[in-house]
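The analysis underlying the following values was restricted to heavy atoms, covering all of them including side chains, and did not include hydrogens, waters or symmetry mates. All residue numbers in this chain count up from 1 along the given sequence.
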Amino acid sequence: MENIGKLLKEKRLELGLTIEEISEKTRLTTKHIKALEEGDISFFKNDLSYLRFFVKSYCEAVGIDFEDVKDDLRECVDDYTMAFTNTMTMEHEEMEKRISKTELSKVSKTEEDGKKVLHHAHTVRKKNKKKMKKPDFSLVSLIAVAAVVAIILMAAFVIYLNSSKKDDSPDVKPPVADVPSEGATNTYPKEDEKPKEEEKKELTITKNDATHYTITDYKEGDEITIGTLFIGCDTAYSVTVVEDGKSNVLSDPAGIIYYSKDHAEKPVDAKVTAKKGTKVQLYFGHIYNIGVKVNDKSLKIDESVMYSGGSYTLEITFG
């Protein structure tokens, strides 16, 4: 990995590019770029499956053929994975030994504590038997008499309520619906006179070439939702809005790696305001079998892009 990093750095310096300029070209952070140039594979221990895409993106930015370093990169990843697995295995075995020793000492102590608990329980049972007294029958009789009296009073109260309701209930006549007088007209609006809801415009999306699209038939100021599904790939993804010549990378959705296991059916949504001349740029670090919808209209992605496995930016302009 050090040889690959050295090659990337030398090519960058040869072209007179800074780390920040490489970051802008590849959409990788400066930390990722420095780690690649230093050959620090441990920096990517949680993203080993994407290391290939990071290196490939860097190679494309400085004009290096990725095929020249692909085999060396695979060997580096295999060696690191093997070393990491061996380390974890040794740590696991050492942990099991310590746990076994601890459990043996706990077992002996538990047996001793168990004997003490049984002895204490036997002593408590003896004391409780001595404290038991005969029930106080006079108290039981008093409670029973009070319960009978309460039941009689309740029954009398219920009978009194029922008789009061029969005497006081007024004569209630059912309500009579108002009948319209002769010659009166129906003031309710007819079905065809009801106000019609304002019809919403349906967006029209025109494909200009493999990566450029134009939206028309929109209402200025409307909020437009651009939803992206990552059906067949895990990839770095970000959304940039270019308005009045100024670029703004959206923080929602964040510019991070998105996984197909989470977003093959649940789209990653970006909200933008429709305005003539505004451009929306969708960057994909690795594009393969994705889906994009603008509101409820699907973006027809060119097959040369859809299944390329390369890095692409799709640009949508409000015309």
Would you compute the distance between atom OG1 of Thr273 and atom CD1 of Ile224 and round it to the nearest 0.5 angstrom? 8.5 Å
Is there a donor-acceptor contact under 3.5 Å from the side chain of His286 to the main chain of Gly309? yes
Looking only at the aromatic ring of each residue, does the gap between the centers of Tyr288 and Tyr307 stay below 6.0 angstrom? yes
Are Tyr58 and Leu13 linked, directly or through other ILVMFWY residues, by side chains that come within less than 4.5 angstrom of each other? no
Rounded distance [0.5 Å steps], CD in Glu303 versus CG in Asn289: 10.5 Å
Nearest atoms (heavy-atom pairs only) where Tyr218 meets Lys276: OH-CA, 3.2 Å
Are side-chain heavy atoms of Glu21 and Leu15 found at a separation under 4.5 Å? no
In terms of hydrophobic clusters joined by side-chain contacts under 4.5 Å, are Leu299 and Val242 together? no
Please identify each residue that fulfils side-chain hydrogen bond (donor to acceptor under 3.5 Å, both in side chains) with Asp71, with sequence neighbours left out. Arg74
Which heavy atom of His263 sits nearest to which heavy atom of Lys266, and what is that distance? ND1-O, 3.1 Å
If you define the side chain from C-beta out and look only at heavy atoms, does anything of Ile226 sit under 4.5 Å from Leu282? yes
Give a yes or no on whether the backbone of Glu67 and the side-chain of Asp65 come within a donor-acceptor separation of less than 3.5 Å. yes
Counting only heavy atoms not in Lys207 (residues, nucleotides, ligands), do more than 12 fall under 6.0 Å from its NZ? yes
With a 4.5 Å limit on heavy-atom distance, are the side chains of Phe53 and Thr235 in contact? no
How long is the span from the CZ atom in Phe284 to the CZ atom in Phe230, to the nearest 0.5 Å? 5.5 Å
Minimum heavy-atom separation for Ala270 and Val239, please, with both atom names. CB-CG2, 4.2 Å
Does Val268 belong to the same Ile/Leu/Val/Met/Phe/Trp/Tyr cluster as Val280, with side-chain heavy atoms less than 4.5 Å apart forming each link? yes
Would Tyr283 and Tyr237 show up in the same hydrophobic cluster when neighbours are defined by side-chain heavy atoms closer than 4.5 Å? no
Under a side-chain separation threshold of 4.5 Å, the hydrophobic residues clustered together with Ile231 are Leu229
With a 4.5 Å limit on heavy-atom distance, are the side chains of Tyr258 and Thr228 in contact? no
In this structure, CD of Glu202 is separated from CG of Asp217 (nearest 0.5 Å) by 8.5 Å
Describe, in one word, how the ring planes of Phe54 and Phe44 are oriented to each other, choosing from parallel (under 30°), tilted (30 to 60°) and perpendicular (over 60°). tilted
Is the closest basic N to carboxylate O distance between Lys31 and Asp40 below 4.0 Å? no
Looking only at heavy atoms, which two atoms of Cys233 and Ser260 are closest? And how far apart? O-CB, 3.6 Å
CD (Glu220) with more than 12 external heavy atoms under 6.0 Å: yes
Can you give me the closest heavy-atom contact between Lys300 and Tyr213, atom names plus distance? O-OH, 2.9 Å
Side chain of Asp209, backbone of Thr211: donor and acceptor closer than 3.5 Å? yes
Cys59 and Leu8 have their tightest heavy-atom pair at SG-CD2, 3.9 Å
Would you say Thr206 and Asn208 make side-chain contact, with heavy atoms under 4.5 Å? yes
Would you check if there is a donor-acceptor pair between the side chains of Thr225 and Lys271 at a distance under 3.5 Å? yes
Ile22 and Thr26, any side-chain heavy atoms less than 4.5 Å apart: yes
When rounded to the nearest 0.5 Å, the distance separating CG of Leu51 from CG of Leu48 is 6.5 Å
Check the pair Lys34, Glu37 against side chain to side chain contact (heavy atoms under 4.5 Å, CB included), reporting the backbone distance first and the verdict last. CA-CA 5 Å; Lys34 289 178 181 178; Glu37 291 187 351; 5.7 Å; no
Is there side-chain contact between Met1 and Val77, with at least one heavy-atom pair below 4.5 Å? no
Could you check Val62 against Glu14 for side chain to side chain contact (heavy atoms under 4.5 Å, CB included), going step by step and ending with a plain yes or no? CA-CA 9 Å; Val62 296; Glu14 180 184 331; over 6 Å; no
Check the hydrophobic clustering (I, L, V, M, F, W, Y; side-chain heavy atoms under 4.5 Å; chains of links allowed) and say if Val249 and Ile256 are grouped together. no
If you round to the nearest 0.5 Å, how far is CG of Leu73 from CG of Asp68? 13.0 Å
In sequence, state the C-alpha distance, the side-chain angles, and the governing distance for Ile4 and Val55, and then conclude on side chain to side chain contact (heavy atoms under 4.5 Å, CB included). CA-CA 9 Å; Ile4 297 174; Val55 174; 4.3 Å; yes
With a 4.5 Å limit on heavy-atom distance, are the side chains of Val272 and Phe318 in contact? yes
Glu60/Lys56 under side chain to side chain contact (heavy atoms under 4.5 Å, CB included): CA gap, chis, key distance, verdict: CA-CA 6 Å; Glu60 291 175 352; Lys56 183 178 180 182; 3.6 Å; yes
